[in-house]
Q: 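First, the structure itself, so that you have it in front of you.
All values derive from a computational prediction rather than experimental measurement.
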Protein chains: 2
Amino acid sequence: MDLMTDRITREQIVGVAVELLARGGLHALAMRRIASELGVQQSALYWHFDNKQQLLGAVADRVVAPVVVPTGTTKDTPVEALTARLRGELLRYPDGAELVATAFAFRLGANDAYQHLVDELERAGSARPHAEIAASVLWHFVLGYVTDEQQHRQAAELGAIQPTTDEATLSADDRFTQAIDLILAGTSLSEASPPATLR
Amino acid sequence: MDLMTDRITREQIVGVAVELLARGGLHALAMRRIASELGVQQSALYWHFDNKQQLLGAVADRVVAPVVVPTGTTKDTPVEALTARLRGELLRYPDGAELVATAFAFRLGANDAYQHLVDELERAGSARPHAEIAASVLWHFVLGYVTDEQQHRQAAELGAIQPTTDEATLSADDRFTQAIDLILAGTSLSEASPPATLR
DNA sequence: ACCTGAACACCGTTCAAGT
DNA sequence: ACCTGAACACCGTTCAAGT
């Protein structure tokens, strides 16, 4: 599909890594599989990346790249829309949230997406130190929540769990939105209507 | 140290697993190492546990067990004290937060600790559905934040990062407390003083 | 009931050597 | 500069067989 060059680039490596992630989750992201998909020895990857963590960082960057877009493209309140978009992108790949969380913890990926969240909070009216606290809360919640979501999805596919008959139980979407609203209510800039189920 | 019985129990397995975790983090928690520490073959562990995930779940239970204590033992506001205690216990073991997060995601560990958080929020005045949302936010934030903290600590020990000269930078403790206060401010039951750096 | 011995099917990483 | 070939030092899990 690519123009045939025997030489391999970082971008190609990240490309097939993202494909493998999409198909089989983190489990499929083995150096040997990436290499064989490229028709190359595993050790060849180590000329382009110091180790697997750095490669995963680049994959994480690619996964969350779509959330870093110029503001004003959405008519929704920016911060709420941003968190919803982040969740959406993470859900596109199995283990997406876990991958990004790990990469970010090592500061090897997703740094731009995080910074974008801080910036949006500032533009929405939060002073610097407060915006950083709020961003930290929002970020860790989204990653933790979606990790949970995806792990359950996987467990359900293995038949380990039946889909918990949806009676009187909020959907994952609703619970997510309510949680984001709760957090934003704690920041003075609560654009969102305060949670209806207050007391 | 133990009375010499050639037979091994689940409790003994979990015990040496916790010791290994304390010494070397998740990296040291290999089935072979646990087995050899007990003077037994690796395969022997699989008679007591279905797989490693279940064993890790039991370890996670042990790690967070101290946070599940009867209320009223502390004079602080219960929810704030509970989250602080949870962070404290996680910090006692390298990779403590990551371990508990993974085990909880699979619902194989730390369920009691999570339920305790929901209960405390209810006793503090939150209605059921709201308490569940708030617990989810608090829980994911604490685990995500402490995972980050511990990963940085490890990276710093490898000399990969210098300790970021503490000038004008909030301590990890202060940032944690402020974040918890922000979340609790979003719940109607803001016992905590609203964050000083609001706008 | 509880464990051994041995194998199976994998991993990430390194490194001399090739071109 | 970029990659091969081959090895090193590990993993979790299974399963017949022993006691």
Side-chain angles (χ1 to χ4, degrees), chain A residues 2-17 20-21 23-60 95 98-99 102-103 105-106 108-109 151 154-155 158 160, chain B residues 2-17 20-21 23-60 95 98-99 102-103 105-106 108-109 151 154-155 158 160:
Chain A
D2 242 322
L3 292 175
M4 57 292 159
T5 36
D6 28 323
R7 273 167 164 59
I8 256 65
T9 70
R10 274 177 71 106
E11 282 71 38
Q12 286 178 54
I13 296 173
V14 176
V16 320
L20 287 173
L21 177 72
R23 287 198 217 119
L26 275 177
H27 186 71
L29 236 55
M31 300 300 268
R32 285 166 218 256
R33 295 197 53 175
I34 297 169
S36 84
E37 208 84 6
L38 287 163
V40 95
Q41 294 285 116
Q42 331 93 283
S43 50
L45 303 177
Y46 287 86
W47 193 90
H48 298 275
F49 291 94
D50 283 355
N51 48 48
K52 195 188 180 184
Q53 297 270 24
Q54 297 220 9
L55 171 42
L56 290 184
V59 174
D95 301 326
E98 193 182 339
L99 166 77
T102 312
F106 284 102
L108 290 174
Q151 223 105 50
Q154 260 181 245
L158 299 184
Chain B
D2 242 321
L3 291 177
M4 56 294 159
T5 35
D6 28 321
R7 274 166 162 59
I8 258 64
T9 70
R10 273 177 73 105
E11 281 71 38
Q12 286 179 55
I13 296 174
V14 176
V16 321
L20 287 173
L21 177 72
R23 288 198 215 117
L26 275 177
H27 186 70
L29 234 55
M31 299 301 268
R32 285 166 218 258
R33 295 197 54 177
I34 298 169
S36 85
E37 208 84 5
L38 287 163
V40 96
Q41 294 286 115
Q42 330 94 283
S43 50
L45 302 178
Y46 287 86
W47 194 90
H48 297 275
F49 292 93
D50 283 355
N51 48 48
K52 195 188 181 185
Q53 297 269 26
Q54 297 219 9
L55 170 43
L56 290 184
V59 175
D95 302 325
E98 194 183 337
L99 166 76
T102 311
F106 286 101
L108 289 173
Q151 223 106 49
Q154 261 180 244
L158 298 184

Q: Considering heavy-atom distances to DNA chain C, does B:His48 or A:Ala44 have its closest nucleotide positioned more toward the 5' end?
A: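 Whichever sits nearer the 5' end wins; that is B:His48.
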Q: Just how far, in rounded Å, is P of C:dC3 from CD of B:Gln12?
A: 9 Å
Q: In whole angstroms, how far is the P atom of C:dT13 from the NZ atom of A:Lys52?
A: 8 Å
Q: What's the CG-P distance between A:Asp50 and D:dC2, to the nearest Å?
A: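 About 15 Å, once rounded to whole Å.
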Q: What is the distance, to the nearest angstrom, from the CZ atom on A:Phe49 to the C1' atom on C:dG12?
A: 15 Å
Q: Applying side chain to side chain contact (heavy atoms under 4.5 Å, CB included) to A:Leu26 and A:Thr102, what does each step give before you reach the verdict?
A: CA-CA 11 Å; A:Leu26 275 177; A:Thr102 312; 5.9 Å; no
Q: Which of the following nucleotides, D:dC3, C:dC15, C:dG12, is nearest to the side chain of A:Met31?
A: C:dG12
Q: Looking only at the side chain of B:Gln42 (C-beta and beyond, no hydrogens), which of the listed nucleotides D:dC11, D:dC2, D:dT13 gets closest?
A: D:dT13
Q: Which nucleotide wins on minimum distance to the side chain of A:Tyr46, given the candidates D:dT4, C:dC2, C:dT14?
A: C:dT14
Q: Calculate the interatomic distance between A:His27 atom NE2 and C:dA9 atom P; express it in whole Å.
A: 14 Å
Q: How close or far is atom P of D:dT13 from atom CD of B:Gln41, stated in whole angstroms?
A: 17 Å
Q: Quick one: look up who C:dC15 pairs with, Watson-Crick or G-U, both distances under 3.5 Å, and put none if it's unpaired.
A: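 By the stated definition (distances under 3.5 Å), D:dG5 pairs with C:dC15.
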Q: A:Ile8 has a side chain; which of D:dC3, D:dT4, D:dT13 sits nearest to it?
A: D:dC3
Q: What pair of heavy atoms forms the shortest contact from B:Gln12 to B:Arg7, and how long is it?
A: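 Closest heavy-atom pair between B:Gln12 and B:Arg7: NE2-O, 3.9 Å.
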Q: Could you check which of D:dC2, D:dT4, C:dC3 has an atom nearest any side-chain atom of A:Trp47?
A: D:dC2
Q: Please measure how far the P atom in C:dA9 lies from the corresponding atom in D:dC10, and state the result in whole Å.
A: 22 Å
Q: B:Arg33 has an atom CZ; how far is it from atom C1' of D:dC11, in whole Å?
A: 13 Å
Q: Send over the distance from B:Arg32 CZ to D:dG12 C1', rounded to a whole Å.
A: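 It works out to 7 Å between those atoms.
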